Amino acid sequence: MQQKITPFLWFDTEAEEAANHYTAIFKDSRIVKVDRYPEGTPMPAGTVMTVVFELAGQRYVAMNGGPEFTFNEAISLSVECEDQDEVDYYWSRLGEGGEEGPCGWLKDKYGLSWQVTPRVLDEMMTDPDPEKAKRAAEAMMGMKKIDIQGLRDAVEGASS
């Protein structure tokens, strides 16, 4: 089935570089197509206009549109991780040259925001025991990269 909604990412001039960077990080990823600006457009003819790429089966389009628009935290891409090794891997790779934020958020070197979170975080934050859920939320709020064992310790009431 063809994807109905495709995220479209506006870059200044780094669309192809970013698409190559992202596809190198995620398994089951690839560049699908690169289109170039034709003569008579606002960008120099022959430069990359759009790059269609897939990350883990999800299709995206990256466009070189110039410096008029930049990314901000109003939108982010969320990476759900199975374990701490995955959290560490994506945090490290996506964060290269970027900026760490709170609660599992980071900005990559292109300014795009990502949430790198373990699947277990949602389970902890929605625990039927409101005190455990509260401790999970409080622990997460004090973290940059999510530490699963730190969350578990907080949920169980262990002091760090």
Side-chain angles (χ1 to χ4, degrees), residues 1-126 136-137 139-148 150-151:
M1 179 176 178
Q2 187 173 357
Q3 185 172 301
K4 189 140 186 102
I5 298 173
T6 302
F8 203 94
L9 307 172
W10 179 299
F11 293 85
D12 181 2
T13 60
E14 311 89 355
E16 188 172 29
E17 176 186 322
N20 284 322
H21 177 68
Y22 301 143
T23 57
I25 293 172
F26 291 89
K27 293 177 184 173
D28 188 26
S29 299
R30 66 189 179 110
I31 301 294
V32 176
K33 180 172 83 163
V34 177
D35 290 318
R36 300 189 178 279
Y37 278 100
E39 292 287 339
T41 58
M43 300 295 260
T47 60
V48 172
M49 180 173 59
T50 58
V51 181
V52 178
F53 64 103
E54 292 177 358
L55 301 179
Q58 167 75 43
R59 189 161 284 199
Y60 297 83
V61 177
M63 181 181 91
N64 284 329
E68 289 82 8
F69 301 110
T70 57
F71 296 117
N72 67 45
E73 293 82 358
I75 189 162
S76 63
L77 302 178
S78 181
V79 181
E80 187 174 86
C81 301
E82 293 300 320
D83 55 29
Q84 191 67 50
D85 286 342
E86 266 198 333
V87 169
D88 295 346
Y89 170 78
Y90 288 114
W91 186 264
S92 170
R93 294 295 310 276
L94 291 168
E96 289 171 357
E99 172 183 327
E100 293 183 354
C103 308
W105 286 59
L106 60 82
K107 281 187 185 179
D108 68 24
K109 62 185 171 183
Y110 306 103
L112 184 59
S113 292
W114 296 82
Q115 297 177 56
V116 180
T117 57
R119 181 183 315 265
V120 71
L121 177 60
D122 184 57
E123 296 167 17
M124 291 179 185
M125 301 252 315
T126 58
M140 180 209 52
M141 296 296 287
M143 297 176 178
K144 287 190 182 243
K145 177 177 73 171
I146 302 297
D147 171 14
I148 296 173
L151 290 171

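Please read these numbers as outputs of a predicted model, since none were measured by experiment.
Within the 3.5 Å criterion, the main-chain N or O of I146 finds a donor-acceptor partner in the side chain of Q84. A donor-acceptor pair is defined here as one N or O able to donate and one able to accept, closer than 3.5 Å; no such pair exists between the side chain of S92 and the backbone of Y90. Formation of a donor-acceptor pair under 3.5 Å by the T23 side chain with backbone atoms of N20 is found in this model. Looking at Q3, its side chain does come within 3.5 Å of a backbone N or O of R59 through a donor-acceptor pair. The main-chain N or O of G104 is never found under 3.5 Å from a side-chain atom of W114 such that the two would form a donor-acceptor pair. Panel note: side chain Y37, backbone N64; a donor-acceptor pair is recorded below 3.5 Å.
Between M63 atom CE and M43 atom CE the span is 8.0 Å, to the nearest 0.5 Å. Taking NZ of K144 as the start and CD of E99 as the end, the distance is 8.0 Å to the nearest 0.5 Å. Rounded to the nearest 0.5 Å, atoms CG (D108) and CG (L94) are 6.5 Å apart. Rounding to the nearest 0.5 Å gives a distance of 8.5 Å between CG of D88 and CG of D83.
Heavy atoms only, all atoms of each residue included: M140 and L121 are closest at SD-CD2, 3.9 Å. Closest approach of I25 and Y89 over heavy atoms only: O-OH, 2.7 Å. A pairwise comparison of heavy atoms in S29 and L55 identifies OG-CA, 3.2 Å as the closest pair. The two residues I148 and M124 have their closest heavy-atom pair at O-CE, 4.5 Å. For the pair E14 and D12, the tightest heavy-atom approach, listed with the atom from each and the gap, is OE1-N, 3.4 Å. Scanning both residues, P7 and Q58, for their nearest heavy atoms gives CD-NE2, 3.4 Å.
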Side-chain donor/acceptor pairs under 3.5 Å, residues 71-81, sequence neighbours excluded:
residue: N72; atom: OD1; partner: A74; partner atom: N; Å: 2.7
residue: E73; atom: OE2; partner: K107; partner atom: NZ; Å: 2.9
residue: S76; atom: OG; partner: Q115; partner atom: NE2; Å: 2.8
residue: E80; atom: OE1; partner: R119; partner atom: NH1; Å: 2.7
residue: E80; atom: OE1; partner: R119; partner atom: NH2; Å: 3.2

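Between M141 and C103, the closest side-chain pair of non-hydrogen atoms falls below 4.5 Å. With contacts defined as side-chain heavy-atom distances shorter than 4.5 Å, the pair E54/F26 does not qualify. Residues V116 and K145 fail the side-chain proximity criterion, which asks for heavy atoms closer than 4.5 Å.
In this pair, H21 and Y110 present their aromatic rings perpendicular. The plane angle is above 60°, beyond the 30 to 60° band.
Counted within 6.0 Å of CD on E39, heavy atoms from surrounding residues, nucleotides or ligands total 12 or fewer; the atom is thus considered open.
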Take F11 and E16 through the test side chain to side chain contact (heavy atoms under 4.5 Å, CB included) and record every step on the way to the result. CA-CA 9 Å; F11 293 85; E16 188 172 29; over 6 Å; no

